[in-house]
Amino acid sequence: MTITRKGLFVSATAAVLTTVAVTGAGIHLSSQAFFRESPKELVDEVWQIVDRNYVDGTFNQVDWQAIRNEYLSRTYATKEDAYKAIREMLKKLDDPYTRFMDPQEFKSMQIDTSGELTGVGIQLTQDEDTKKIVVISPIEGTPAAKAGVLAKDEIVKIDGKSTTGMNVNDVVNLIRGPVGSEVNLTIKRKNQEQTFKLKRERIEIHPVRFNARKEVPGGLGYIRLNQFSANAAPEMRQAIQALEKQGVAGYILDLRSNPGGLLYSSIDIARMWLKEGSIVSTVDRQGESERQKANHRQLTDKPLVILVDGGSASASEILSGALQDNNRAVLVGTKTFGKGLVQSVRPLGDGSGLAVTIAKYFTPSGRDINHAGIAPNVVVELSDAQKQQLVKNRDAIGTMQDPQYAKGVEILQQQIAKRNGSARPTSTSSQQ
């Protein structure tokens, strides 16, 4: 299977809702689409793309040919009729990641390449089993994060309207709106509901932030990666190079609440940390596998600890899984989200777009993390009180007031000591 450099993305979200973008924007778009006058031709165009490319040759036990006959036998008076039919057709696959976007939604999806988003800063998915709308993570510094919205929160109402029966597109259309306007989101957390009044903002996103710290002998480099957008790899390279010049002894890479993004962004970043070995393999429905490997161009071989949690998904799992399987990093935190699917985004003839699941990915050791997630080497669970404290004081995240970060510092200090030969090796392979 051939993978063009920016032709694929992996994301835990069915869409990056309320930020008017998806973490797969900036991908290469096929030039084969052409304008279609007939709404029925648009329906058939979508059917054909799925028929040729969908990851499961049984189409999740759906008679895909019968679906074509059913939907092409209908009469469509307008493009909107076709859009509705396409969504109905794709829904039969029972795959929230294969989805149709009308022209405005498709245009919004591509905004992410500019690094500027408009919304309240929540990344959402639809649970494949319960069909509930669930928060993957709030984006740091956004209205949602400041208000206290958390990963795993369920969105049950939008401005008082129940989300029951809604799909991802329905939800994004309700939450999205002009800068300065407000939206009320009612969330359910552990069977208790609360409502957040959020003001939509224009949000400039820089996926990487970093600094050097003195919490271990020789200093540590702390790098926070929020998402795998088109500029994540260049910013990561700059961060590592700057910290290397400062002579840090080791690194903590914080991937908590990072919902994923571009497939090749995760591969490029893995190569910055890994000298040799496999990174990820992708397998399509023909069983053809493409294995991505390190290229002997790592920027540092110093000890590395990665912080993960339930909001670390998809591209985050590719990176953390690769470095864990190659014994390059120690993972600290809680089990990751568990999403092991790859999507390709295609433009359609009338300016709309289609995201279709085309492959599964596996870690170097062959782990299929879809639904299962990746277990950290050292488990550090946060209590509800600790979570709330970090929400109230977000400046404490990534400091010694943050229990997962504090454990990461402890583990990193052990790894540095082991590297320097000044302490007996300390095992970090068991859960604590």
Side-chain angles (χ1 to χ4, degrees), residues 9 11-22 24-25 29-30 33 35-56 58-110 123-134 155 158 161-176 341 343-358:
F9 72 93
S11 173
T13 56
V16 177
L17 310 180
T18 77
T19 57
V20 199
V22 68
L29 300 178
S30 169
F35 183 77
R36 300 184 186 276
E37 294 289 346
S38 167
K40 185 176 289 190
E41 288 186 27
L42 184 65
V43 175
D44 193 39
E45 183 181 11
V46 170
W47 185 93
Q48 295 284 355
I49 292 172
V50 173
D51 186 58
R52 290 192 301 267
N53 299 282
Y54 192 67
V55 64
D56 183 354
T58 73
F59 303 96
N60 296 334
Q61 307 303 315
V62 170
D63 187 339
W64 195 239
Q65 185 62 50
I67 295 294
R68 182 176 189 264
N69 296 337
E70 174 187 349
Y71 281 87
L72 291 189
S73 67
R74 299 182 183 181
T75 299
Y76 303 101
T78 66
K79 286 192 295 185
E80 284 67 30
D81 290 342
Y83 295 166
K84 182 178 179 181
I86 289 168
R87 290 190 171 107
E88 288 177 0
M89 183 171 68
L90 295 177
K91 192 173 182 180
K92 295 180 184 297
L93 291 172
D94 197 26
D95 174 4
Y97 305 109
T98 293
R99 66 195 186 280
F100 171 78
M101 294 160 280
D102 65 31
Q104 182 58 49
E105 292 165 341
F106 188 50
K107 181 179 179 181
S108 295
M109 178 183 176
Q110 300 171 69
Q123 296 164 314
L124 305 175
T125 190
Q126 187 165 32
D127 187 281
E128 295 181 42
D129 298 321
T130 67
K131 306 305 179 186
K132 295 176 180 178
I133 304 298
V134 179
I155 306 295
I158 303 167
K161 185 175 182 178
S162 173
T163 60
T164 300
M166 290 186 184
N167 60 30
V168 167
N169 289 315
D170 297 330
V171 173
V172 71
N173 287 332
L174 288 176
I175 297 180
R176 191 168 54 193
L341 302 173
Q343 285 76 43
S344 175
V345 175
R346 311 292 182 90
L348 303 174
D350 71 331
S352 56
L354 176 70
V356 56
T357 300
I358 65 168

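Below, each value reflects all heavy atoms present in this structure, side chains not excepted, and no hydrogens, waters or symmetry copies.
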* Asked: Nearest 0.5 Å, what's the CH2-CG distance between Trp64 and Asp56?
  -> 11.5 Å

* To do: With sequence neighbours excluded, tell me which residues meet side-chain contact (heavy atoms from CB on, under 4.5 Å) with Thr130.
  => Asp127, Lys132

* **Partner set under side chain to side chain donor-acceptor pair (under 3.5 Å) for Ser162, not counting sequence neighbours** => Thr164

* Non-neighbouring partners of Gln65 that pass side-chain contact (heavy atoms from CB on, under 4.5 Å), sequence neighbours left out -> Trp47, Asp63, Arg68, Asn69

* Structure fact -> Closest heavy-atom pair, Pro39 versus Lys79, reported as atoms and distance to 0.1 Å, is CG-N, 4.1 Å

* For Asp95, check salt bridge (Lys or Arg N to Asp or Glu O under 4.0 Å) against everything at least two apart and list the hits. => none

* Where do Thr163 and Ile155 come nearest, in terms of heavy atoms and distance? -> OG1-O, 2.8 Å

* To do: Please report the shortest heavy-atom distance between Gln343 and Leu341, naming the atom on each side.
  => NE2-CB, 3.7 Å

* To do: To the nearest 0.5 angstrom, please state how far the CG atom of Leu90 sits from the CG atom of Leu93.
  => 6.0 Å

* Non-neighbouring partners of Asp94 that pass salt bridge (Lys or Arg N to Asp or Glu O under 4.0 Å), sequence neighbours left out -> Lys131

* **Minimum side-chain heavy-atom gap Leu174-Met166 below 4.5 Å** => yes

* side-chain contact (heavy atoms from CB on, under 4.5 Å) against Val43, all qualifying residues, sequence neighbours excluded -> Tyr71, Leu72, Tyr76, Ala82, Ile86, Met89

* To do: Report the C-alpha separation of Asn53 and Arg346 in whole Å, then their side-chain angles, then the decisive distance to 0.1 Å, and conclude whether the side-chain hydrogen bond (donor to acceptor under 3.5 Å, both in side chains) test is met.
  => CA-CA 11 Å; Asn53 299 282; Arg346 311 292 182 90; 3.3 Å; yes

* Give, for atom CG of Asp44 and atom CG of Asp51, the distance between the pair rounded to the nearest 0.5 Å. => 9.5 Å

* Asked: Hey, are the side chains of Phe106 and Asp350 touching, using non-hydrogen atoms and a 4.5 Å cut-off?
  -> no

* Could you tell me whether a side-chain N or O of Glu45 sits under 3.5 Å from a main-chain N or O of Gly349, the two making a donor and an acceptor? => yes

* Where do Ser352 and Met101 come nearest, in terms of heavy atoms and distance? -> CB-O, 3.0 Å

* **Minimal non-hydrogen separation, Pro96 against Gln126, with atom names** => CG-O, 3.8 Å

* To do: Considering non-hydrogen atoms only, spot the tightest contact between Pro103 and Tyr83 and give its length.
  => CD-OH, 3.4 Å

* Asked: Can a salt bridge be assigned to the pair Arg99 and Glu105 using a cut-off of 4.0 Å between side-chain N and carboxylate O?
  -> no

* Residues two or more places apart in sequence or in another chain: which of them pass side-chain contact (heavy atoms from CB on, under 4.5 Å) with Lys91? -> none

* Hey, are the side chains of Val55 and Thr98 touching, using non-hydrogen atoms and a 4.5 Å cut-off? -> no

* Asked: Can you name the salt bridge (Lys or Arg N to Asp or Glu O under 4.0 Å) partners of Glu80, sequence neighbours left out?
  -> none

* **Gap between atom CD1 of Ile158 and atom CG of Asp170 - 0.5 Å precision** => 9.0 Å

* **Sequence-distant partners of Asn60, side chain to side chain donor-acceptor pair (under 3.5 Å), two or more places apart** => Tyr54

